[in-house]
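Both ligands and their constituent atoms are indexed starting at 1 by order of listing.
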Amino acid sequence: MQDAIDTQAAADIRVTPLSPACGAAISGVDLTKPLSASAFRAIKAAWDKHLVLVFRGQQVSQDDQLRFASYFGDLGSRKKAPEALRARAEGVQQDHEKVLLVTNIKVDGQPIGAFGDGEFWFHIDSGYSARPYKYTFLYALELPSRGGNTMFSNMYKAYEAVPAELKEKLKGKKALHIHEYNRAKQASSSGDISGIPHYSHPVFVTHPDTGRKTLFVDRLMTTRIEGLDEQESAAILDRLYAIGERREFIFEHEWKLGDFLMWDNRCTIHARTDFPKEERRLLRRCTVEGEPLHE
Ligand code: OGA
Ligand code: MN
């Protein structure tokens with residue numbers, strides 16, 4: 001009997017691609033309900049193929065969100081910013097260690113969550129750490145009347161678009177990722193970074209589940225290719241950022257209330273468009289813990 005129910009659950013799932021770049025809408029899943037093994041397999045297969053999944057019209061409590069995310073691995077803990085950067089990073093209502101409120105809302109002049117207003121450049125969530133989150137899950141609770149779209153770029157396609165001579169030159173190379181808790185200002189590797197979160201990862205990473213190669217570089221946090229002189233590193237990084245941000249590789253999500261999004265941080269970078277400061281935007285985020293990455 002269990003098998004029959006299971007098969008039915010997977011059969012109800014519909015996957016609709018949302019752009020030629022990446023992204024698919026999933027219907028036929030209620031995120032408030034436990035997921036059957038076959039439904040899980042169907043969603044995971046769609047995720048590996050489309051990189052970003054959108055579930056519309058969901059009513060997801062915090063517990064529902066954490067339960068659903070935990071099917072895909074151990075939940076990630078919110079990272080604590082170093083004391084010197086804490087004012088940029090931490091809101092006053094971040095009270096669950098597995099949950100991050102992404103919002104511009106302030107209470108008594110204090111931000112309650114993270115990432116405030118405005119544009120957010122392309123980045124990888126916790127790409128500056130030894131184990132970048134595998135996955136991020138974001139659920140919309142309050143939205144501005146316009147803007148605040150989240151854009152995703154397909155970094156498998158970006159890898160494929162890197163010219164052969166550059167692939168050869170960068171083989172075996174690592175790049176430094178630094179997090180200064182800015183959103184639209186490139187981190188700088190020139191000063192003392194000992195007190196600032198940073199980590200070096202291969203420029204090209206093999207996705208552990210799909211076995212496909214991806215370009216693991218972003219404009220916000222990737223600042224230096226190791227083993228090249230500074231000028232050459234900067235020139236090559238500019239080329240790589242531009243490839244990663246090619247319009248044809250990007251799926252842009254316009255949020256509606258009830259949208260639940262999940263993305264794979266190993267093979268996508270993401271960014272946010274500007275939105276009116278005077279309007280409220282609130283999303284609930286959780287993650288799945290990552291592992292060291294290899295070329
Ligand atoms: C995030 C993020 C973008 C957004 O939560 O990691 O980058 O649209 N959010 O707020
Ligand atoms: Mn992010």
Side-chain angles (χ1 to χ4, degrees), residues 18 22-23 51-54 60 62 65-66 69 75-81 88-91 93-94 96 98-106 111-129 131-155 177-187 197 216-222 244-245 250-277 279-290:
L18 293 171
C22 58
L51 324 190
V52 182
L53 300 182
V54 180
V60 182
Q62 181 165 293
Q65 181 164 351
L66 295 176
L75 296 175
S77 292
R78 198 151 33 75
K79 300 216 181 326
K80 244 190 154 20
R88 273 184 209 166
E90 253 127 88
Q93 262 180 51
Q94 304 284 26
H96 189 298
K98 307 294 186 191
V99 174
L100 180 81
L101 295 179
V102 173
T103 186
N104 62 346
I105 297 173
K106 291 184 174 170
I112 64 165
F115 307 155
D117 287 307
E119 193 191 350
F120 200 162
W121 284 6
F122 274 99
H123 64 279
I124 298 160
D125 289 339
S126 84
Y128 56 86
S129 71
R131 299 161 176 269
Y133 297 129
K134 287 181 181 169
Y135 301 121
T136 304
F137 304 78
L138 200 55
Y139 178 61
L141 295 161
E142 289 188 59
L143 292 171
S145 58
R146 62 199 150 85
N149 301 343
T150 310
M151 300 189 286
F152 298 89
S153 187
N154 181 331
M155 298 306 268
H177 299 239
I178 304 178
H179 190 22
E180 292 181 331
Y181 291 85
N182 288 315
R183 291 187 294 280
K185 178 173 184 268
Q186 184 161 45
F216 199 78
V217 163
D218 69 72
R219 186 180 296 276
L220 187 64
M221 300 184 200
T222 316
E245 296 176 12
I250 294 175
F251 157 59
E252 180 164 352
H253 181 70
E254 273 181 56
W255 289 90
K256 303 260 183 303
L257 283 180
D259 283 351
F260 184 96
L261 250 74
M262 52 201 250
W263 64 88
D264 187 326
N265 272 300
R266 283 86 45 94
C267 51
T268 59
I269 55 176
H270 60 282
R272 176 175 80 195
T273 65
D274 200 5
F275 60 98
K277 273 195 186 47
E279 296 186 30
R280 288 160 65 105
R281 185 175 188 270
L282 172 66
L283 304 101
R284 190 202 296 129
R285 186 181 106 157
C286 70
T287 54
V288 160
E289 211 59 83

Looking only at heavy atoms, what is the nearest atom pair of Val60 and Gln65, with distance?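 What the structure gives for the nearest pair is CG1-N, 3.5 Å.
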For the Mn ion (ligand 2), the nearest N/O/S atom on His270 is atom NE2
Looking at Asp125, which of its N, O or S atoms is the nearest one to the Mn ion (ligand 2)?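 This residue's closest N, O or S atom turns out to be OD1.
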Identified side-chain contact (heavy atoms from CB on, under 4.5 Å) counterpart of Trp263 within the set Ile269, Val54, Asp125
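Testing Trp263 for a side-chain contact (heavy atoms from CB on, under 4.5 Å) against Ile269, Val54, Asp125 leaves exactly one candidate, Asp125.
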Does Arg284 make a cation-pi contact with Phe137 (under 6.0 Å, within 45 degrees of the axis)?
no
Check this for me - ligand 1, [X], N or O atoms closer than 3.5 angstrom, yes or no?
{"X": "His270", "result": "yes"}
{"X": "Thr136", "result": "no"}
{"X": "Thr150", "result": "yes"}

Give a yes or no on whether the backbone of [Y] and the side-chain of [X] come within a donor-acceptor separation of less than 3.5 Å.
{"X": "His123", "Y": "His270", "answer": "yes"}
{"X": "Arg219", "Y": "Trp121", "answer": "no"}
{"X": "Thr273", "Y": "Gly148", "answer": "yes"}
{"X": "Glu279", "Y": "Leu143", "answer": "no"}
{"X": "Thr103", "Y": "Arg281", "answer": "yes"}

[X] heavy atoms, cut-off 4.0 Å: which ligand 1 atoms fall inside?
{"X": "His123", "value": "7 (O)"}
{"X": "Phe120", "value": "7 (O)"}
{"X": "Arg285", "value": "1 (C), 5 (O), 6 (O)"}
{"X": "Val102", "value": "5 (O), 10 (O)"}

- Message: So is Asp125 touching ligand 1 or not, going by heavy atoms under 4.0 Å?
- Response: yes
Please list the nearest protein heavy atom to atom 10 (O) of ligand 1 with its residue and the distance rounded to 0.1 Å.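 The answer is Arg281 NH1, 2.8 Å.
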When distances are taken from atom 9 (N) of ligand 1, the protein heavy atom at minimum range is Leu138 CD2, 4.1 Å
